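Letters A, B, ... mirror the listed sequences (proteins, then strands); counts begin at 1. Computed from a predicted model, the values in this text were never measured in an experiment.
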Amino acid sequence: MDFKEIEKKWQKNWEKDKIASFNPKNMDKKYYCLEMFSYPSAAKLHLGHWYNYGPTDSFARYKKMKGYEVFQPMGFDAFGLPAENYAIKTGVHPKDSTEKNIANMEQTLKEMGAMFDWDAEIKTCEEDYYKWTQWVFLQLYKKGLAYRKEAPVNWCPSCKTVLANEQVVNGACERCGSTVVKKDLTQWFFKITDYAEELLQGLSTLDWPEKTKLMQKNWIGKSTGGEIEFTAESGDKFKVFTTRADTLFGVSYVVLAPEHPLVKKLTSDKQRKAVEDYIFETSKTNEIDRLSSTREKTGVYIGHNAINPINGKSVPIYAADYVLYSYGTGAVMGVPSHDERDYAFALKHDIPITRVIKGVNCNDDLPFCDDGIVINSPGFDGLTSEEARKAIINELVKKGKGEHKTNYRLRDWLVSRQRYWGAPIPVVYCDKCGIVPVPEEDLPVKLPYDVEFKPDGESPLAKHKGFMETTCPICGGPAHRDPDTLDTFVCSSWYYLRYPDSKNAKQPFDPEIINSILPVDKYVGGPEHACMHLLYARFITKALRDMGYLNFDEPFKSLVHQGIILGPDGNRMSKSKGNIISPDPYVEKYGSDVLRLYLMFGFSYTEGGPWSDDGIKAIIKFLDRIERLSQKVVETTQMDNDNINKDEKDLLYATNYAIKNVDRDMDNFSFNTAIARLMELINALYKYDGLDIPKNNKLFRECFAKFIQLLAPCAPHFSEEIWEQLGNKQSIFKSEYPICDENALVLDEIEVAVQINSKMRSKIFIPSDANEETIKELLKKDEKISQEISGKEIKKLIIVPKRLVNIII
RNA sequence: GCCGAAGUGGUGAAACUGGCAGACGCGCUGGACUCAAAAUCCAGUGGACUAAUCCUCCGUGCGGGUUCAAGUCCCGCCUUCGGCACCA
């Protein structure tokens, strides 16, 4: 078969037939199947894209044949850093390079033969999309969910530019090698923390991998405890958050994050130099290093003390970088006796250690971090840790020095990016009116084309007068725009809402359409998005719901992560390892169906694994076998024999067994076993064909046709061609998926295993409807079994229907 | 360091709620066809013992346990991959 020709032929026919288009009138049977859209990189589709899109398209086609009205769109997450870096390096404008890359990828995606509804295509960098990204921003702003505050960025003092985390290598700028420092900028945030509890609770309603749900749960990081107010000798008050209020009497110091404003205020003259040096050193460390547990616990006494509200004891205040200003209150109480980190810190800084918890029936050497019985805590001694946590906070509540509090690790989402290639932030700054949102009718705030990319301390938009200078929508006076653009995660946090109504020029989407086609029924993409993208999308959905635009709570009902295809050497593919496998030569040589089938058969979909050329060979052989048999089927015309004897029954069994299992496996993304079942069926068809008896050719032909239908989602071009050769005039994807005839699966006799004292001893055939008595009779008839059990008492007979019999003697 | 996942033949991998471990492939071995090779077809293929494809025993990272029965459940280790949070 000339696969190149048939691929072209069927891709054209599908386009003509509108196989991929969605009929909104058929919403009752809608199925929204979504693959994560891709970033348009200069390279063509890589194997990762193929592995994501190929098998998932087969899933979508399977759903279509099952009678669903499938909506499967595709688009591009087109804003982003790489295009801008490329522009700095080569001078090619991000818009030009991105458009070129998109055109390239569109073509390869089409060659793959996936059933994408191209009419619904989205490119996030186009005005008619980012206009609505800006709209989303304005809605959040109106609802008080977008706000500005100071936050640090990575700053290269030599390039005078803001760096992304990935551009910082070992604390140095990737371009010039200078040490990167933190610099505070006023930036926009989305208040995702308002939804922390709902984002956590909602997880239980989702059909997602447990692992992913757990990761989100840990990311949200709920912990319950209390906030306790300490008073510095100066009279200044600050709060610490703790989950271990039961250890409050054991506090022997407190720590403020170096960035905490009180550090500068309270530091004594004697300690000033040491503290300032320490703050400067901290500004050079990135958060991951700072949080590394292997790192030495550094910190410095600020020369000032604070009063423990429970016992009036004065304890020293330290500044230490293991406390983060962004989490909790940015201040921590130090209890060396019952916290490992505090213990290490206390030993190093010669701080006293007081035990306040006694272990019960266990080794309670210090630091003892488990719960126990409270001691050395006047008024609370003898309570369990759990009781004491409540009692001590209650006592503080009475004194007005504390409260019960739930804390979340989740932080608000910083959406400002000091870059050009992104959606402009739709806000102007007026000297008179302050922060003024751009009126919706003035959207989009267009991203200008003519900008200078060379990094020189100012971002490209900041330098562009025509963009920056504007007038205030309220007073009409002079105003300026925000030079920053939105994080690309903002663009991808709502794209699934745009697809079904992608041409709408009046609204981001028509709520009526969206509410009937959403939520997404199956979302497929890489596990690396478990925390960021998937959480942001859930947040935006909930926020838009609360504004009345949506009537559902969760965007993605069911989620699947594909695994990772490794290089043939078992390592992750990378340029430096030289183990990159490109899909192109395989498509060129064997066709896209072969590549897709190999990806489906050779791996467990969610696991992935190393690439192997041998697997490709297996698929070629499989398709050859099908094609040879199809020739025979097509050429056979004699149809007068309609006997159903043993061999025909076997063939019917094999066919229906395959239907049942392929159907189930496709639905579960268990593609490798689905194809294994198809291989079994083709073997059974060959076996029947090879029999030296008068054949029931009509039946044979029907079974073969069903086989092709089962195969069709996985090898779409190939199957269409054979389907046509079998005399069908309509696309196989408009045919009805085969239905399993359960009657054909009922066998007269079933082979069951026989165990004696749980050891495998024999196998016997029993009638499928046999009761215990019949089975006993049959066991006696079996020579081997009767020998072994003769003269011995049968203590117990365990019968597992249709599987095995275990005789205990 | 913490969290998560996974360890099954020479190899990619199967095994539904505990019920015949290794489905389906690749590779290998032998045979048929061929002058020969490729392709194709047929048979075999976890290990040990063996003349044997009869028996028997051993086998799902390691050590225990529960059970009539454990790859699957429980406890304790080892290793390898992912993720990352000193989260107070």
Exercise. Answer with base, sugar-phosphate or nothing: what part of the nucleic acid does A/N683 contact at a heavy-atom distance below 4.0 Å?
Key: sugar-phosphate

Exercise. Remember a base hit wins even if backbone is also touched, and classify A/K759 as base, sugar-phosphate or nothing at under 4.0 Å, heavy atoms.
Key: sugar-phosphate

Quiz item: Between A/R761 (CZ) and B/rG19 (C1'), how many Å, whole number?
Solution: 17 Å

Exercise. Assess the pair A/Y598 and A/W611: is the distance between their ring centroids shorter than 6.0 Å?
Key: yes

Quiz item: Nearest to the side chain of A/K617 - B/rA23, B/rG19, B/rG27?
Solution: B/rG27

Quiz item: A/L597 has an atom CG; how far is it from atom P of B/rC26, in whole Å?
Solution: 14 Å

Quiz item: Say you pick atom C1' in B/rA14 and the same atom in B/rG83; how far apart are they, in whole Å?
Solution: 28 Å

Practice problem: Please work out the stems of RNA chain B from pairs that are Watson-Crick or G-U wobble with both distances under 3.5 Å, keeping only runs of three or more consecutive pairs. | Solution: B:1-7 with B:78-84, B:10-12 with B:24-26, B:27-32 with B:40-45, B:46-48 with B:56-58, B:61-65 with B:73-77

Quiz prompt | NZ/NE/NH1/NH2 to OD/OE distance under 4.0 Å, A/D663 and A/R677 | solution = no

Exercise. Using whole Å, report how far CG of A/L623 lies from P of B/rG25.
Key: 14 Å

Quiz item: Atom CG of A/L535 to atom C1' of B/rA85: distance rounded to whole Å?
Solution: 15 Å

Quiz item: Could you write nucleotides 38-48 of chain B as a row of B, S and -, 5' to 3', where a protein heavy atom under 4.0 Å of any base atom gives B, of only sugar-phosphate atoms gives S, and otherwise -?
Solution: --SS-------

Quiz item: Any chance the rings of A/Y51 and A/Y605 have centres within less than 6.0 Å?
Solution: yes

Self-check item: Value in whole Å for how far the P atom of B/rA23 lies from CD of A/E751
Solution: 15 Å

Quiz item: Should the pair A/K632-A/E635 be classified as a salt bridge under the 4.0 Å nitrogen-to-oxygen rule?
Solution: no

Self-check item: A/F3 ring center near A/F718 ring center (under 6.0 Å)
Solution: no

Give the table of side-chain donor-acceptor pairs shorter than 3.5 Å for residues 524-533 of chain A, with sequence neighbours excluded, one pair per line with atom names and distance.
unit_1: A/H533; atom_1: NE2; unit_2: A/Y523; atom_2: OH; d: 2.7

Quiz item: What integer distance in Å separates A/I756:CD1 from B/rC20:C1'?
Solution: 14 Å

Quiz item: Is the closest side-chain donor-acceptor distance between A/Y278 and A/T298 under 3.5 Å?
Solution: yes

With the criterion being N/O to N/O and under 3.5 Å, what pairs connect the protein with nucleotides 12-14 of chain B, and how long is each?
unit_1: B/rG12; atom_1: O2'; unit_2: A/G602; atom_2: O; d: 2.5
unit_1: B/rA13; atom_1: O3'; unit_2: A/N672; atom_2: ND2; d: 3.2
unit_1: B/rA14; atom_1: OP1; unit_2: A/S604; atom_2: OG; d: 3.3
unit_1: B/rA14; atom_1: OP1; unit_2: A/N672; atom_2: ND2; d: 3.0
unit_1: B/rA14; atom_1: O5'; unit_2: A/N672; atom_2: ND2; d: 3.4

Self-check item: salt bridge (Lys or Arg N to Asp or Glu O under 4.0 Å) partners of residues 667-676 of chain A, not counting sequence neighbours, each pair once
Solution: A/K63-A/D667

Quiz prompt | Contact letters for nucleotides 66-72 of chain B, in which S counts primed atoms plus P, OP1 and OP2 and B counts the base, heavy atoms under 4.0 Å | solution = --BS---

Quiz item: Taking atom P of B/rA88 as reference, at what distance in whole Å does atom CG of A/D321 sit?
Solution: 18 Å

Practice problem: Starting at atom CG of A/D342, determine the distance to atom P of B/rA88, rounded to an integer number of angstrom. | Solution: 12 Å

